[in-house]
J.: 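I'd like to ask you about the structure that follows.
Protein chains get the first letters and strands the later ones, always in sequence-line order, with residue 1 at the start of each.
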Protein chains: 2
Amino acid sequence: MLSKKTRYAIAALVKLAKEYGKGPILIKDIAESENIPGKFLETILQNLKNAGIVKSVRGKNGGYYLNQKPEQVNLATIIRLFDPPIAFLPCVTYLYYEKCDMCRDENSCGIKHIFKEVRDTTVNMLKKATLAEILREEAILKKK
Amino acid sequence: MLSKKTRYAIAALVKLAKEYGKGPILIKDIAESENIPGKFLETILQNLKNAGIVKSVRGKNGGYYLNQKPEQVNLATIIRLFDPPIAFLPCVTYLYYEKCDMCRDENSCGIKHIFKEVRDTTVNMLKKATLAEILREEAILKKK
DNA sequence: TATAAAGTATATATATATAATAGAGATTAT
DNA sequence: ATAATCTCTATTATATATATATACTTTATA
């Protein structure tokens, strides 16, 4: 399961995508509209800022806004920022490869290929899921 | 990522599948051959026993053995026993549905369908991965 | 029938990660 | 000058994962 931090990050970014192009949005407004504890959201937005996904304006009339187009931000990127690897086993992670501690002989491991396939499929799906895609889907669902 | 408990459970079951039909195997032997802390493995095997996947014989010459054919035990079943739900969001879990805490209107949520598709695909892959399938793969890899 | 081999049961300890909060500090529009 | 904002660092609370300890019960067999 995704951590709350990741879920909050996704919700905040979807919110910023909705307001894309309208200038900076207050932390407080995001927190209220998305049901996120304000102080917790602060650290999350800082992380997203360090990753270059959002930018901030300090001082009065400040706030946060998307630093990339909604088409360019996808769920795989967001999840990787906050959660442990998407892969089920350390030996099939993309960025953080580690040998499985109990694995005797990795070359004859009959499990690895299964989890590798799961990871690849999952990551591909998450990469297709951009903020723009999510908003498009929401618009469709609201019409029904 | 899978918990160690789950990884240990998978390794122990693969071991029992290898010895399928040869009578009970000692906890100690499984622990040594699979690099699993013995006492920890005890509780894991108890869980597997309660779930009907293995059986045990007490007393001298006792041990554990598979209660189902290697073709009948798959990774989805094992993972579900020990880990939190496979799904990324509480609202798309198979057995433990819960509303996402921040979700305003679940009917117009643009994210849900993505994670539902990921979960379905993942579970299907894991169901195909039986102990028999894993042993078959290992045999192939060892020949190379 | 005593003994050693084995699983059973329950409790506890330790470490780590997650989630959230607090408060002082820095920046900026007006 | 002041109020509105974001920034930075520290702390706390809670839960979960991982592992260990100890006493108990069952069974084969010498």
Side-chain angles (χ1 to χ4, degrees), chain A residues 1-12 16 23-32 34-51 53-67 79 81-85 88-90 96 98 100-102, chain B residues 1-12 16 23-32 34-51 53-67 79 81-85 88-90 96 98 100-102:
Chain A
M1 298 265 282
L2 297 180
S3 66
K4 288 208 172 186
K5 202 167 186 177
T6 304
R7 287 186 240 165
Y8 290 156
I10 294 171
L16 291 185
I25 314 293
L26 296 187
I27 295 179
K28 208 182 128 209
D29 287 351
I30 302 171
E32 276 175 14
E34 306 304 315
N35 284 342
I36 304 171
K39 274 290 181 182
F40 198 23
L41 181 57
E42 278 183 18
T43 69
I44 292 167
L45 287 168
Q46 277 299 314
N47 294 334
L48 289 169
K49 188 186 160 189
N50 294 336
I53 296 171
V54 301
K55 279 194 171 174
S56 68
V57 178
R58 299 177 70 158
K60 200 167 179 183
N61 302 329
Y64 279 92
Y65 58 96
L66 273 188
N67 187 36
I79 291 173
L81 262 184
F82 295 103
D83 264 320
F88 279 29
L89 291 180
Y96 302 97
E98 243 179 85
C100 294
D101 34 11
M102 337 107 65
Chain B
M1 299 265 282
L2 297 180
S3 65
K4 289 208 171 187
K5 202 167 186 176
T6 304
R7 288 186 240 165
Y8 291 155
I10 294 171
L16 291 184
I25 315 292
L26 296 187
I27 293 180
K28 209 182 128 212
D29 288 350
I30 302 171
E32 276 174 15
E34 306 303 317
N35 284 342
I36 304 172
K39 275 289 177 183
F40 199 24
L41 181 57
E42 278 183 18
T43 68
I44 293 167
L45 287 169
Q46 277 299 314
N47 293 334
L48 289 169
K49 188 186 163 190
N50 294 336
I53 296 171
V54 301
K55 278 194 172 174
S56 68
V57 178
R58 300 178 68 156
K60 199 168 179 179
N61 300 329
Y64 280 91
Y65 58 95
L66 273 188
N67 187 36
I79 291 173
L81 262 184
F82 296 103
D83 263 321
F88 279 28
L89 292 180
Y96 303 97
E98 243 180 85
C100 293
D101 35 12
M102 340 106 63

J.: Please determine whether a side-chain nitrogen or oxygen atom of Gln46(A) lies at a distance below 4.0 Å from atom OP1 or OP2 of dC6(D).
T.: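 No, no such contact exists.
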
J.: Toward the 5' end of DNA chain C, which comes first, Thr43(B) or Ile25(B), by nearest nucleotide?
T.: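 Its nearest nucleotide lies further toward 5', so the answer is Ile25(B).
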
J.: Between Asn35(A) (CG) and dA20(C) (C1'), how many Å, whole number?
T.: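 That distance rounds to 16 Å.
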
J.: Distance check needed: dC6(D) P versus Asn67(A) CG, whole Å only.
T.: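 Taking atom P of dC6(D) as the reference, CG of Asn67(A) is at 16 Å.
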
J.: Do Leu45(B) and Leu48(B) touch side chain to side chain, with heavy atoms closer than 4.5 Å?
T.: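 Answer yes - side chains close enough.
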
J.: Taking it one step at a time, do Gln46(B) and Tyr64(B) satisfy side chain to side chain donor-acceptor pair (under 3.5 Å)?
T.: CA-CA 10 Å; Gln46(B) 277 299 314; Tyr64(B) 280 91; 3.0 Å; yes

J.: Would you kindly give the CZ-to-P distance between Phe40(A) and dC6(D), to the nearest whole Å?
T.: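 Checked: the CZ to P distance equals 18 Å.
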
J.: The side chain of Lys60(A) lies closest to which of these nucleotides: dA20(C), dT7(D), dT28(C)?
T.: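 The answer is dT28(C).
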
J.: Should the side chain of Lys39(B) and the base of dT18(D) be counted as holding a donor-acceptor pair, with the cut-off at 3.5 Å?
T.: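 Not at all, since no donor on one side and acceptor on the other fall under 3.5 Å apart.
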
J.: Hey, does the side chain of Ser3(A) come within less than 4.0 Å of dA17(C)'s phosphate (OP1/OP2), counting only N and O?
T.: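 Ser3(A) to dA17(C) OP1/OP2: no side-chain N or O under 4.0 Å.
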
J.: Look at Tyr8(B) and dA17(D) and indicate whether a side-chain polar atom (N or O) is within less than 4.0 Å of OP1 or OP2.
T.: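 No, no such contact exists.
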
J.: Scan Lys55(A) against the nucleic acid and name what it touches under 4.0 Å (heavy atoms): base, sugar-phosphate only, or nothing.
T.: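 Counting heavy atoms under 4.0 Å across all strands, no contact is made by Lys55(A).
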
J.: By nearest atom, which of the nucleotides dA19(D), dC8(D), dA9(C) is closest to the Glu42(A) side chain?
T.: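 That would be dC8(D).
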
J.: Taking only the side-chain nitrogens and oxygens of Tyr65(A), find out if one of them lies under 4.0 Å from OP1 or OP2 of dC6(D).
T.: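 Indeed not, no polar side-chain atom of Tyr65(A) lies that close.
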
J.: Between atom NZ in Lys5(A) and atom C1' in dA19(C), what is the gap in whole Å?
T.: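 After rounding, the gap between these two atoms is 9 Å.
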
J.: Between dA19(D) atom P and Leu41(B) atom CG, what is the distance in whole Å?
T.: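 My rounded result for the distance is 12 Å.
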
J.: Let me know the distance between CG of Asn61(B) and C1' of dG7(C), rounded to the nearest Å.
T.: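 My rounded result for the distance is 13 Å.
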
J.: Quick one: do Phe88(A) and Ile79(B) satisfy side-chain contact (heavy atoms from CB on, under 4.5 Å)? Show the steps, please.
T.: CA-CA 10 Å; Phe88(A) 279 29; Ile79(B) 291 173; 4.2 Å; yes

J.: Answer yes or no: side-chain N or O of Arg58(B) and base N or O of dT25(D) forming a donor-acceptor pair under 3.5 Å.
T.: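 Yes, the side chain and the base share a sub-3.5 Å donor-acceptor pair.
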
J.: Looking for any heavy atom pair under 4.0 Å, which part of the strands does Leu45(A) touch: base, sugar-phosphate only, or nothing?
T.: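 Since no nucleic acid heavy atom lies under 4.0 Å of Leu45(A), the category is nothing.
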
J.: Measure from CG on Leu48(A) to P on dT7(D) and round the result to the nearest Å.
T.: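 In whole Å, dT7(D) P lies 12 Å from Leu48(A) CG.
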
J.: Can you tell me how far P of dC6(D) sits from CD1 of Ile44(A), to the nearest Å?
T.: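 Answer to the nearest Å: 15 Å.
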
J.: So which nucleotide from dA17(D), dC6(D), dT21(C) ends up closest to the side chain of Leu26(A)?
T.: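 Among dA17(D), dC6(D), dT21(C), the one nearest the side chain of Leu26(A) is dC6(D).
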
J.: Are side-chain heavy atoms of Glu34(A) and Leu41(A) found at a separation under 4.5 Å?
T.: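 Result no, sub-4.5 Å side-chain heavy-atom pair not found.
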
J.: Ignoring backbone atoms, establish whether Lys28(A) has a side-chain N or O less than 4.0 Å from OP1 or OP2 of dC6(D).
T.: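 Looking at the OP1 and OP2 atoms of dC6(D), neither is under 4.0 Å from any side-chain N or O of Lys28(A).
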
